[in-house]
Amino acid sequence: MALRHGRGAGLRRVATRRAGFVALAAALYLAAGVAATWPAVLHAHSRFMSGGAPGNGEASPGDHLQTLYHYWLVGHQLEHGHAPWRDPYTFQPEAKPQPNYAGWPFGFMFWPLGAIFGLVVGWNLLQLVVYALAGLLACAWLRELGLPRAPALAGGLVFAIAPYRVQQSVGHLLGPISILLPLSLWAFERARRGSVWWLALAGAALASIPLSGQVHLALGAIPFALAYAACRTRDRRLIAGAALGALAAVAAGLLVRETLIKGSTEAGGRKLAEVTRYSANTGDLFSRHLEHGRSEQFVFLGWLVPLLALAGVVLLIRAGRYALVAVLALGVAIPVVLALGTNTPLYSPLWHALPPFRFPRVPERLLPIACLCIGALVAFALARARTVVVAVAIVLLFVDLHVHVYRESAVGHPDRVAYRGPGRVLELPLFDPSVHYGSVYLWYDTSSRRERPSGYATTAPKASKRIYDRLQRLNCGDWSEDTAAVLDRLGVRAVALHLGLYGHVEESGRAAWLALHALDEHGWHVQRSAGSVLLLERKPGSAPRLPVPESTKPVFCQGWYGDIGSGRYMSETHAPFWIFGRRVRLRFAPSPLRPRVAVHAPGPGRWRLVTVDVPHLARVPGQTQRVGVRLISVRAR
């Protein structure tokens with residue numbers, strides 16, 4: 001009896017120590033999440049923790065609004081008894097309901113958080129939860145590799161707050177989805193020690209990477225997981241199970257390709273020139289500074305961390321663990337080299353030889369694998385160090401990896417301008433479906449919950465692109481004879497005018513005034529407003545109240561490139577602009593294209609709409625894009 005009680009007491013002590021370690025790890029990684037999101041976390045009760053783009057009186061645009069929308073859709077669809085993998089609102093009615101792959105799996109976690117705390121606080125809480133999970137899962141995997149607790153904590157921290165992962169968690173789905181990789185490896189290690197049923201979890205985690213829409217990450221994660229399994233066991237059952245998990249991941253990727261990518265605007269893949277635009281430089285690997293407009297090229301690895309990882313490689317080689325060190329070292333080297341894209345001579349042949357690599361435009365997407373492998377190598381470097389040394393190292397890792405990429409982002413007031421009536425909503429200004437400013441409209445639709453012809457998706461259906469090309473002229477108040485008929489055919493019953501976004505389609509912002517007056521002239525009147533957002537319907541309402549723009553310069557709408565000093569080229573076959581005056585005189589440069597010019601009746605005040613049409617665009621020496629005619633000068637009186 002005494003022996004039995006002693007053993008029970010020992011087990012309880014072990015269980016208590018294990019629970020205490022888990023609590024310590026959770027606290028550490030939660031603190032890491034708070035540090036990573038600082039100072040935006042100070043405003044987590046009322047603002048999004050995100051990139052901090054200017055809101056200009058409404059919600060700040062960014063990928064976080066797109067990701068949140070996909071998360072929100074899961075719970076919204078389930079509450080109404082519909083399939084959570086369907087988006088019934090975006091790109092309607094021209095396209096079929098879009099698959100909501102991006103809602104898997106975090107949409108199910110976001111559902112209760114959003115329901116209890118609201119969408120804004122729910123988003124911010126989920127951000128912190130994912131940081132904690134990232135560290136815990138990486139730490140758990142490293143413990144299965146036989147590492148002591150303190151070094152495993154350090155390795156988990158490196159993965160949790162790896163700068164690239166942090167940047168890709170600001171709004172992109174890549175950061176959160178990357179935690180599925182250590183989950184898959186941890187489950188595989190559990191299968192080695194116990195039941196092979198753990199392989200089901202390993203395969204499900206791996207398959208969830210492409211199923212969430214992160215197909216590019218899957219291109220590296222699948223072969224990495226297979227190589228890892230081959231180096232860790234010779235058990236045929238385990239290797240076969242790992243192969244089945246890889247096949248499931250491939251099947252998930254093919255499902256996404258057939259149902260989402262195929263038939264989209266990107267069905268033909270990306271141009272190598274697009275890859276060049278997003279390729280990082282060697283200096284970016286060591287630069288802590290995040291340059292504006294180059295968030296994708298932010299690939300900072302730390303200064304101390306790479307040295308510790310290199311020490312980990314040396315120690316593993318001395319220990320004779322050649323297979324493991326080879327997998328981890330290649331897991332760092334290959335993603336890092338590919339992140340440099342066309343700045344190395346390797347990417348272009350790979351792009352031509354392997355068709356799957358022709359679809360991603362951002363070559364850095366495999367870096368989460370490198371972040372996880374670097375974390376493991378750092379843990380091995382500290383494996384034989386004393387606990388106090390590891391504790392000091394953890395503090396230094398915090399300092400070395402910390403970057404300021406989070407800012408608070410405005411949320412606007414979508415509930416105040418939500419459209420509750422029948423029919424669809426058209427948002428102005430219209431953006432190409434691949435442009436991220438359209439993410440604002442996804443956020444506002446969480447309140448309206450109405451179908452809309454526009455949206456934001458890099459894999460938008462081709463029909464959405466045709467609608468954009470047809471209706472984008474409304475951004476500048478350019479109405480053709482059949483515009484009203486097109487809106488009726490689309491079932492548009494409300495127009496949401498986002499004045500705060502007009503700076504992204506026309507520099508001076510004067511196009512917003514012209515668009516609003518054109519809407520007013522065609523029977524669309526303001527019903528209510530919130531911040532810089534106006535909701536218009538075809539029924540009596542208030543008159544537009546915007547300051548009259550200066551009349552000294554023309555207002556060039558979409559369809560024109562910027563001034564090159566000797567005029568400006570047409571960027572589209574239909575190019576409108578507004579000019580103030582009764583008579584208009586245009587001068588074009590010599591061109592084989594024959595422009596058709598139409599000067600319309602006076603609009604608001606003495607503003608006149610002028611449209612220039614050409615049958616097609618052509619190549620011109622000195623211009624990288626096809627262009628129309630070049631307008632040298634405009635005079636009006």
Side-chain angles (χ1 to χ4, degrees), residues 53 59-70 72-73 86-103 171-173 213-216 256-257 259-271 274 277-278 296 359-362 424-446 448 450-476 483 486-487 489-492 495-498 501-506 515 557-559 571-574 625:
S60 301
D63 284 338
H64 66 289
L65 297 180
Q66 181 191 38
T67 302
L68 183 148
Y69 174 77
H70 290 299
W72 165 80
L73 264 181
R86 282 282 183 260
D87 177 0
Y89 301 124
T90 308
F91 305 129
Q92 298 299 308
E94 298 297 282
K96 296 179 180 179
Q98 297 296 289
N100 182 32
Y101 293 123
H172 202 280
L173 192 57
Q214 299 305 303
V215 182
H216 191 175
V256 173
R257 177 185 181 277
T259 59
L260 185 63
I261 300 175
K262 188 177 180 179
S264 74
T265 54
E266 302 301 333
R270 307 280 188 171
K271 297 178 180 178
E274 294 183 78
R277 177 185 174 189
Y278 288 97
E296 299 291 357
F359 288 89
R361 64 178 175 179
V362 182
R424 300 183 175 91
V425 180
L426 177 70
E427 293 100 349
L428 293 180
L430 276 169
F431 293 99
D432 186 282
S434 64
V435 176
H436 77 280
Y437 297 118
S439 60
V440 173
Y441 305 151
L442 300 179
W443 166 237
Y444 277 77
D445 199 56
T446 60
S448 293
R450 293 294 183 270
E451 294 181 358
R452 56 198 183 280
S454 62
Y456 167 46
T458 55
T459 53
K462 293 179 180 179
S464 66
K465 177 67 168 143
R466 290 193 294 268
I467 284 297
Y468 162 76
D469 291 338
R470 177 66 186 82
L471 294 179
Q472 64 164 318
R473 60 183 61 181
L474 294 180
N475 291 348
C476 205
T483 299
V486 172
L487 295 179
R489 180 179 63 79
L490 293 174
V492 174
V495 174
L497 195 66
H498 294 254
L501 294 177
Y502 259 89
H504 302 295
V505 297
E506 197 267 328
C557 308
Q558 286 169 274
S571 62
E572 300 174 13
T573 56
H574 176 85
Q625 303 288 338

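- In this structure, CG on Leu430 lies 6.0 Å from CG on Leu471, to the nearest 0.5 angstrom.
- For the atom pair Gln558 CD and Asp469 CG, the distance stands at 10.0 Å (nearest 0.5 Å).
- Proximity of Lys465 to Asp432: side-chain heavy atoms (C-beta onward) are separated by under 4.5 Å at one or more points.
- Taking the six-membered ring where tryptophan is involved, the planes of Trp72 and Tyr89 are essentially parallel, since the angle between them stays under 30° and well short of 60°.
- The minimum heavy-atom distance linking Pro453 with Leu426 is given by the pair CG-CD1, 4.3 Å.
- Between Gln92 atom CD and Ser454 atom OG the span is 11.5 Å, to the nearest 0.5 Å.
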Item to check | Stepwise side-chain contact (heavy atoms from CB on, under 4.5 Å) check, Gln66 with His436 | outcome: CA-CA 8 Å; Gln66 181 191 38; His436 77 280; over 6 Å; no
Checklist entry - Could you walk me through whether Glu427 and Tyr444 pass the side-chain contact (heavy atoms from CB on, under 4.5 Å) check? => result CA-CA 10 Å; Glu427 293 100 349; Tyr444 277 77; 5.9 Å; no
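- Listed here is the closest heavy atom pair of Gly438 and Phe431: N-CD1, 4.1 Å.
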Item to check | CA sep, side-chain torsions, deciding dist, call: Leu501, Tyr441, side-chain contact (heavy atoms from CB on, under 4.5 Å) | outcome: CA-CA 11 Å; Leu501 294 177; Tyr441 305 151; 3.6 Å; yes
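- Interatomic distance, NE2 of His498 versus OH of Tyr437, reported as 15.0 Å (0.5 Å rounding).
- In summary, of the residues considered (Val435, Asp63, Val440, Thr90), a side-chain contact (heavy atoms from CB on, under 4.5 Å) with Tyr456 occurs for Asp63 alone.
- Within the model, atoms OG1 of Thr458 and CD1 of Ile261 stand 8.5 Å from one another, a figure rounded to the nearest 0.5 Å.
- Note that OG1 of Thr459 and NZ of Lys262 are 15.0 Å apart. Values are rounded to the nearest 0.5 Å.
- When side chains are defined from C-beta on, Val495 does not count as touching Leu487, because their heavy atoms never get closer than 4.5 Å.
- Of all heavy-atom pairs spanning Asn475 and Pro429, the tightest one is OD1-CA, 3.1 Å.
- Contact check on Arg450 versus Asp445 returns no salt bridge, with no Lys/Arg side-chain nitrogen under 4.0 Å from an Asp/Glu carboxylate oxygen.
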Next on the checklist: One pair to check against side-chain contact (heavy atoms from CB on, under 4.5 Å): Leu173 and Gln214. What are the steps and the verdict?
Outcome noted: CA-CA 8 Å; Leu173 192 57; Gln214 299 305 303; 3.7 Å; yes
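- When all heavy atoms of Ala53 and Pro61 are compared, the closest pair comes out as CB-O, 3.6 Å.
- Taking a 6.0 Å sphere around CZ of Arg470, one finds it holds more than 12 heavy atoms contributed by other residues, nucleotides or ligands.
- Checked against salt bridge (Lys or Arg N to Asp or Glu O under 4.0 Å), Glu451 has the following partners two or more places apart in sequence or in another chain: Arg424.
- For residues 87-102, the pairs satisfying salt bridge (Lys or Arg N to Asp or Glu O under 4.0 Å) are Glu94-Arg489, with sequence neighbours left out.
- Side-chain N or O atoms of Thr67 include none that pairs as donor or acceptor with a backbone N or O of His64 at under 3.5 Å.
- Closest approach of Arg452 and Val425 over heavy atoms only: CB-O, 3.1 Å.
- Between Pro88 and Leu73, some side-chain heavy-atom pair lies under the 4.5 Å cut-off.
- For the residue pair Phe91 and Pro461, the shortest heavy atom distance occurs at CD1-CD, 3.5 Å.
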